[in-house]
Undergrad: 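To start, I am sharing the structure in question, which I have written as structure tokens.
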Amino acid sequence: MTAVAERLSAIDAAIADAARRAGRDPAEITRIVVTKFHPAALVSELYGLGVREVGENRQQELSAKAEALAELDDLRWHFIGQAQTNKAGAIRRAAQAVHSVDRLRIAEALDRAATDDLLLDVLLQINLTDDPGRGGVAPTELERLAEQVLALPTLRLRGVMAVAPLDEDPAAAFARVHESAQRLRAVAPGAEWISAGMTGDFAEAIAAGATHLRIGSAITGPRPAQG
Ligand SMILES: *Cc1c(COP(=O)(O)O)cnc(C)c1O
């Protein structure tokens with residue numbers, strides 16, 4: 001077994017464990033492997049190990065890897081980084097899901113960028129910090145943004161996404177995400193995804209109802225120096 005294969009299976013076992021401890025079925029949890037800063041060859045290796053959901057946080061890297069691996073046509077690319085309006089077309093061409101919709105302008109740009117009949121899965125990123133400069137919509141603005149996104153015909157609103165702040169207990173942060181997810185479902189009943197949990201806090205996220213985990217370094221190994 002390669003090191004990546006070993007880490008992948010160890011993480012999957014830990015996910016299954018955390019799910020059982022939370023009284024949940026591991027099968028209802030999707031593990032997205034975040035491959036940022038790693039080469040397309042690593043994504044290929046992960047594909048060979050059965051991985052079909054991968055995440056990237058920068059548009060250029062997403063586009064390059066999705067193009068390099070276009071023949072793996074059941075690979076699903078999740079965009080999880082801050083999205084710029086002028087990159088919306090490129091993001092939409094490369095990704096099947098965008099987790100980081102946090103304002104109407106980016107939602108509209110993604111909607112306008114549609115070139116076929118396929119709907120784009122989108123999640124509303126919630127800012128769990130008091131710093132408005134961080135990505136994400138303020139929790140109090142969530143329903144309003146949801147209603148605006150629901151009016152955009154080529155987007156399918158799937159749920160919420162959040163990153164736990166470094167200075168807060170992740171269980172407390174994810175409890176707030178869960179509460180936001182419930183408020184979202186009141187206006188968008190089909191929007192059931194909760195994208196939360198990374199290498200350091202996925203067990204807490206699972207306990208708080210996460211449906212999509214975004215796990216990078218625990219599977220890929222340490223990230224190469226940022227370019
Ligand atoms: C990098 C990243 C992750 C994965 O982080 P790890 O700690 O390596 O698991 C998850 N979510 C977002 C938004 C990221 O940018």
Side-chain angles (χ1 to χ4, degrees), residues 3-4 6-15 17-18 29-40 42-43 45-46 49 51-66 76-84 87 91 94-103 106 110 121-129 131 133-137 158-171 173-174 176-177 180-181 193-227:
V4 171
E6 274 172 23
R7 287 192 294 259
L8 181 66
S9 77
I11 288 296
D12 284 349
I15 292 170
D17 241 41
I29 296 168
T30 301
R31 174 257 297 125
I32 299 163
V33 183
V34 178
T35 50
K36 65 189 184 200
F37 307 129
H38 288 281
L42 180 82
V43 183
E45 179 181 356
L46 289 163
L49 297 169
V51 169
R52 292 295 179 271
E53 315 278 337
V54 292
E56 289 288 337
N57 73 336
R58 297 194 299 188
Q59 174 270 320
Q60 281 187 324
E61 211 180 324
L62 164 75
S63 297
K65 287 182 208 170
R76 284 177 50 84
W77 293 92
H78 297 254
F79 185 72
I80 61 174
Q82 287 209 14
Q84 284 169 271
K87 302 290 173 60
I91 293 169
Q96 285 74 47
V98 176
H99 291 226
S100 42
V101 169
D102 60 359
R103 58 199 191 280
I106 187 67
L110 288 167
D121 286 333
V122 297
L123 294 88
L124 304 184
Q125 182 177 353
I126 303 165
N127 183 356
L128 297 175
T129 76
D131 175 1
R134 291 306 195 87
V137 65
R158 286 297 207 173
V160 294
M161 179 275 226
V163 177
L166 290 172
D167 58 357
E168 185 180 359
D169 165 29
F174 293 141
R176 295 195 283 134
V177 177
S180 290
W193 294 8
I194 299 177
S195 167
M198 321 193 334
T199 289
D201 56 19
F202 67 84
E204 289 89 344
I206 290 169
T211 63
H212 291 65
L213 313 175
R214 307 178 310 271
I215 302 183
S217 44
I219 295 171
T220 60
R223 285 187 272 277
Q226 304 189 16

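Heavy-atom basis, side chains included; hydrogens, waters and symmetry copies ignored. Just so you know, ligand 1 is whichever comes first in the structure, and atom 1 is the first atom listed for that ligand. Bear in mind that the values here come from a model prediction, so they are computed numbers and not experimental data.
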Undergrad: Check each atom of ligand 1 against the heavy atoms of I215 and keep those under 4.0 Å away; list them by number with element.
TA: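 Checking each atom against I215, I get 9 (O).
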Undergrad: Which heavy atom of the protein is the closest neighbour of atom 1 (C) of ligand 1, given with residue, atom name and distance?
TA: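 Answer for atom 1 (C) of ligand 1: K36 NZ, 1.5 Å.
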Undergrad: Decide whether an N or O pair under 3.5 Å exists between A218 and ligand 1.
TA: no
Undergrad: Over all heavy atoms of both residues, which pair between P170 and D201 is shortest? Give the atoms and the distance, please.
TA: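 Taking P170 first and D201 second, the nearest heavy atoms are CB-CB, 3.8 Å.
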Undergrad: Nearest protein heavy-atom contact for atom 10 (C) of ligand 1: which residue, which atom, what distance?
TA: M198 SD, 3.3 Å
Undergrad: Is any side-chain heavy atom of H38 less than 4.5 Å from a side-chain heavy atom of V33?
TA: no
Undergrad: Counting non-hydrogen protein atoms only, what is the nearest one to atom 11 (N) of ligand 1? Give residue, atom name and distance.
TA: R214 NE, 2.9 Å
Undergrad: Are there more than 12 heavy atoms of other residues, nucleotides or ligands under 6.0 Å from atom CD of E168?
TA: yes
Undergrad: I'd like to check I219 versus L46 (side-chain heavy atoms, cut-off strictly below 4.5 Å). Are they in contact?
TA: yes
Undergrad: Need the ligand 1 atom indices (1-based, order shown) with element for anything under 4.0 Å from a heavy-atom of I80.
TA: 11 (N), 12 (C), 13 (C), 14 (C)
Undergrad: List every atom of ligand 1 that sits less than 4.0 Å from any heavy atom of T199, numbering the atoms from 1 in the order shown and giving each element.
TA: 6 (P), 7 (O), 8 (O), 9 (O)
Undergrad: Taking the inter-plane angle between the rings of W193 and H78 on a 0 to 90° scale, is it parallel (under 30°), tilted (30 to 60°) or perpendicular (over 60°)?
TA: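 W193 and H78: tilted rings.
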Undergrad: Within a distance under 4.0 Å of any heavy atom of S217, pick out the atoms of ligand 1 and give their elements.
TA: 6 (P), 7 (O), 8 (O), 9 (O)
Undergrad: For H99 and I32: C-alpha separation, side-chain torsions, deciding distance, then whether side-chain contact (heavy atoms from CB on, under 4.5 Å) applies.
TA: CA-CA 12 Å; H99 291 226; I32 299 163; 3.6 Å; yes
